[in-house]
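Take a look at the structure below.
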Amino acid sequence: MVDDCSTDNTVELLEDLAKNDSRITLTKSSENSGAAAARNKGIEIAQGEFIAFLDSDDIWFANKLDLQITAMVDKNIEFCCTGYNKIDEKGKDLKQKIIPAIYSDYKELLKNCPGNST
């Protein structure tokens, strides 16, 4: 996990989770550098087989990662993304679904970039 100078109790929550799960490590940025820098730092220090992004204003369904990783392993896929529902700042569903193409090549992904947290 990379914390980009959050101002809430994120660091305390992650430190508490890391105490009980050796897979979790926390890197704290010394200055707020933005989401792209935090993602790049996370990629740089990652040691696992999979990388996923979850921004502070996004919410995942409970089984999201399990479904994606299972599909990737079963079909030998190196990258996948999902559709998503747009929500407001309070988490209320705005009834706007963004659905990506089922299969895309690299050029198509550049034209229709998937949501970061998908």
Side-chain angles (χ1 to χ4, degrees):
M1 307 282 183
V2 178
D3 179 71
D4 192 35
C5 299
S6 58
T7 57
D8 57 11
N9 66 338
T10 298
V11 170
E12 293 80 12
L13 175 66
L14 292 174
E15 287 173 338
D16 192 46
L17 289 171
K19 287 177 190 172
N20 300 313
D21 191 333
S22 63
R23 299 172 301 168
I24 299 173
T25 59
L26 175 61
T27 298
K28 296 183 254 183
S29 300
S30 58
E31 62 181 324
N32 183 272
S33 301
R39 284 188 192 98
N40 289 338
K41 183 63 176 175
I43 291 168
E44 178 186 314
I45 63 175
Q47 296 179 356
E49 186 176 351
F50 299 96
I51 294 174
F53 303 118
L54 178 61
D55 293 340
S56 61
D57 60 346
D58 295 326
I59 302 168
W60 283 345
F61 290 114
N63 62 344
K64 174 208 178 314
L65 284 180
D66 184 45
L67 292 172
Q68 279 187 279
I69 290 171
T70 299
M72 291 174 73
V73 170
D74 288 350
K75 296 178 181 180
N76 195 29
I77 297 170
E78 294 182 13
F79 172 85
C80 75
C81 61
T82 66
Y84 59 94
N85 301 342
K86 288 191 173 185
I87 59 174
D88 68 14
E89 54 278 343
K90 296 186 190 252
K92 180 183 175 209
D93 190 344
L94 297 175
K95 308 294 183 200
Q96 297 176 17
K97 292 186 181 213
I98 308 301
I99 307 294
I102 300 240
Y103 295 100
S104 297
D105 61 15
Y106 182 72
K107 281 183 161 180
E108 189 66 28
L109 284 174
L110 291 176
K111 289 190 283 185
N112 299 297
C113 187
N116 285 327
S117 291
T118 71

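Heads up: numbering here begins at 1 and tracks the sequence.
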Sorted by first residue and then second, give each salt bridge (charged side-chain N to carboxylate O under 4.0 Å, His left out) pair with at least one member in [range]; sequence neighbours left out.
range           : answer
residues 10-23  : E15-K28, D21-R23
residues 30-47  : R39-D55, K41-E44
residues 84-108 : E108-K111

query = Got a sec: does the CZ of F50 have more than 12 other heavy atoms crowding it under 6.0 Å?
reply = yes
key: Side-chain heavy-atom pair P100, C81 within 4.5 angstrom cut-off   =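 Yes, side chains in contact.
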inquiry  = Taking side-chain hydrogen bond (donor to acceptor under 3.5 Å, both in side chains) as the definition, give me every residue that meets it alongside S6, ordered by chain and number, with sequence neighbours left out.
reply    =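 With neighbours one apart ignored, the set is D3.
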inquiry  = According to a hydrophobic-cluster definition based on side-chain heavy atoms being under 4.5 Å apart (Ile, Leu, Val, Met, Phe, Trp, Tyr only), do M1 and F53 belong together?
reply    = no
key: Criterion side chain to side chain contact (heavy atoms under 4.5 Å, CB included) against T10, the qualifying member of T7, L14, L13   = L14
ask   = Which heavy atom of A71 sits nearest a heavy atom of I77, and at what distance?
value = O-CD1, 4.2 Å
message = Ignoring hydrogens, what is the shortest heavy-atom contact between F79 and P114? Give both atom names and the distance.
response =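 Smallest heavy-atom distance, with atoms named: CZ-CG, 4.0 Å.
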May I have the list of side-chain donor-acceptor pairs in residues 57-67 shorter than 3.5 Å, sequence neighbours left out?
unit_1 : atom_1 : unit_2 : atom_2 : d
D58    : OD2    : S117   : OG     : 2.6
W60    : NE1    : S117   : O      : 2.8
K64    : NZ     : Q68    : OE1    : 2.1
K64    : NZ     : T118   : O      : 3.3

key: Pairs touching residues 71-82 that satisfy side chain to side chain donor-acceptor pair (under 3.5 Å), sequence neighbours left out   =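 Residue pairs with at least one partner in residues 71-82: there are none.
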